[in-house]
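For reference, the structure discussed in these notes is given below.
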Amino acid sequence: MKSPSSVGAGTPRVLVTGVRGKTGMPLARLLVARAGVDVLGGSSNPGSVDIDGVRPTAFSWDDPAGWKAATEGVDAVYIVRPDRADAPDLIAALLDETPTGARIVLLSEQDADYMGADGWAPRAERAVRDSGHAWTILRPSWFMQVFIDPRFYLNPIADGELPFSSGGASLAWIDARDIAAVAERALLNEGHAGQVYELTGPEALSLPRTVELLSGAAGRTVTLRELTIDEAVEGTTGFERELFALTFERVRAGSFAEVTDSVERVTGQPARSLRAFLADAGPPFAQAT
Ligand SMILES: NC(=O)c1ccc[n+]([C@@H]2O[C@H](COP(=O)([O-])OP(=O)(O)OC[C@H]3O[C@@H](n4cnc5c(N)ncnc54)[C@H](OP(=O)(O)O)[C@@H]3O)[C@@H](O)[C@H]2O)c1
């Protein structure tokens, strides 16, 4: 059922950056499903945005000249933090160009303070907090969608292996659709301004338990290959490598193991389990009965 929006009067206009991504796509679909929302789908490749009811919109972190047009008349903006060294400055500059009354929802990451007061993730968050806009910060755990993303683990899993550096720690994997559901509320409903939501799935799973569930859903054995951090970041360079290495240090320190009930508190629905996610994921999962 469609529910009315409470942001502003008339037809709220929402810019979703990263609309082709793991959270942007389900978020855009939820926004379209609400009554009378003008959904702008931001992409650096707008010609490839093909989501019913979404207006493809040119938005690139590499093209600040286009930000004014992309944010013109918006009531709310969903910002997928770009994973690059200049992200804090880029976010601050984008928000300078964004209409003052627009709500901002930032996609950050779980336990982002871990990186210290002068670290990159807290600085990206601070750019939003200090922008003068009403804001909400989402801090999710690792997305379950990494298991079906060819840029992450889809191909090794299809070959029967999950290479990962956990050091024995658990992760509270979250379905990106649950992040999108929280973002939708924060963008359009009252009561979320100034909130930082740590978002997780319903349980923290060790990697051995994770591969057990992957194996069950795939109907064949998926073996865990525990890596060192150096092995896990092999093939990456520069800032990407530093960020990736830090992320695995954080995995090993248990940063992604804490379970919260924020998804249910905000949406009224419990967070999806990994088992439920895999049951309706495409190949190589959801083949076993
Ligand atoms: N993956 C996880 O498990 C996880 C966990 C916690 C937090 N996060 C955070 O969530 C964010 C998204 O990560 P993700 O890996 O899942 O990515 P994603 O949202 O699946 O994809 C990234 C998006 O960035 C867009 N993009 C690429 N180049 C761009 C550019 N120059 N300008 C504007 N947009 C551009 C891409 O769309 P176009 O090509 O259409 O522009 C794509 O939609 C990151 O900040 C990450 O740190 C991820």
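What you see below is based on every heavy atom in this structure, not just the backbone, and it leaves out hydrogens, waters and symmetry mates. In each ligand, atom 1 is the first atom listed, and ligand 1 is the first ligand listed.
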TODO: Around atom 10 (O) of ligand 1, find the nearest protein heavy atom and jot down its residue, atom name and distance.
DONE: Leu107 CD2, 3.3 Å
Open item on the list: Checking Arg209 now: which residues fulfil side chain to side chain donor-acceptor pair (under 3.5 Å) with it, not counting sequence neighbours?
Closed with: Glu212
Open item on the list: Side chains of Thr136 and Gln195 only: does a donor on one sit below 3.5 Å from an acceptor on the other?
Closed with: no
Task: Which of the ligand 1 atoms, numbered from 1, are nearer than 4.0 Å to a heavy atom of Asp62 - done: 31 (N)
Open item on the list: Checking contacts here: is it the side chain or the backbone of Ala176 that comes within 4.0 Å of ligand 1, counting heavy atoms only? Could be both or neither.
Closed with: neither
- [ ] Just need the protein heavy atom nearest to atom 39 (O) of ligand 1, so name the residue and atom and give the distance.
- [x] Arg20 NH2, 2.9 Å
- [ ] Using a strict 4.0 Å threshold on nitrogen-to-oxygen distance, state whether Glu184 and Arg34 make a salt bridge.
- [x] yes
- [ ] Give the numbers and elements of all ligand 1 atoms closer than 4.0 Å to a heavy atom of Pro140.
- [x] 6 (C)
Open item on the list: Nearest non-hydrogen contact with atom 15 (O) of ligand 1 belongs to which option: Arg139, Glu109, Lys22?
Closed with: Lys22
Open item on the list: Using a 4.0 Å heavy-atom cut-off, which part of Asp149 comes near ligand 1: side chain, backbone, both, or neither?
Closed with: neither
Task: salt_bridge(Arg123, Asp130) N-O dist < 4.0 Å - done: no
Task: Which of the ligand 1 atoms, numbered from 1, are nearer than 4.0 Å to a heavy atom of Val80 - done: 11 (C), 12 (C)
Distance-only check: which donor-acceptor pairs under 3.5 Å involve side-chain atoms of residues 151-159, not counting sequence neighbours?
none

Open item on the list: Give me the residue, atom name and distance of the protein heavy atom closest to atom 33 (C) of ligand 1.
Closed with: Trp61 CD1, 3.3 Å
TODO: Indicate whether atom 20 (O) of ligand 1 is within a distance of less than 4.0 angstrom of some protein heavy atom.
DONE: yes
Task: Contact atoms of ligand 1, heavy-atom distance to Trp142 under 4.0 Å - done: 3 (O), 5 (C)
TODO: Kindly state whether the ring of Phe256 and the ring of Trp173 have centres lying under 6.0 angstrom apart.
DONE: no
Open item on the list: I'd like to check which ligand 1 atoms, numbered from 1 as shown, lie under 4.0 Å from a non-hydrogen atom of Arg151.
Closed with: 15 (O), 17 (O), 20 (O)
Open item on the list: Strictly below 4.0 Å, N to O, side chains only: are Arg225 and Glu231 in salt-bridge contact?
Closed with: no
- [ ] Please work out whether any backbone atom (N, CA, C, O) or any side-chain heavy atom from C-beta onward of Ser141 is under 4.0 Å from ligand 1, and answer side chain, backbone, both or neither.
- [x] backbone
Open item on the list: Tell me the nearest of Pro46, Ser44, Ser108, Ala112 to atom 30 (C) of ligand 1, using heavy-atom distances.
Closed with: Ser44
Task: Asp83 neighbourhood, listing ligand 1 atoms whose heavy-atom distance to it stays under 4.0 Å - done: 44 (C), 45 (O), 46 (C), 47 (O)
TODO: Quick one: sort the Trp67 and Phe59 rings into parallel, tilted or perpendicular, breaks at 30° and 60°.
DONE: parallel
Open item on the list: Quick check: Trp142 with Phe164 (ring centres under 6.0 Å apart)?
Closed with: yes
Task: Interatomic spacing from OG1 in Thr210 to CG in Leu205 - rounded to 0.5 Å - done: 4.5 Å
TODO: Counting heavy atoms only, name the option from Gly41, Gly18, Ala87, Gly21 that's nearest to atom 24 (O) of ligand 1.
DONE: Gly18
Open item on the list: Side chain, backbone, both or neither: which applies to Gln110 and ligand 1 if a contact is any heavy-atom pair less than 4.0 Å apart?
Closed with: neither
- [ ] Can you sort out which atoms of ligand 1 are near Ser43, meaning under 4.0 Å from one of its heavy atoms?
- [x] 38 (P), 40 (O), 41 (O)
Task: Residues Arg177, Asp280: salt bridge by 4.0 Å N-O rule - done: yes
Open item on the list: Centroid separation under 6.0 Å, is that true for the rings of Phe277 and Phe285?
Closed with: no
Task: Per-atom contacts of ligand 1 with Arg81, taking only distances under 4.0 Å to non-hydrogen atoms - done: 44 (C), 45 (O), 46 (C), 47 (O)
Task: Protein contact to atom 3 (O) of ligand 1 [nearest heavy atom, distance to 0.1 Å] - done: Phe143 N, 2.8 Å
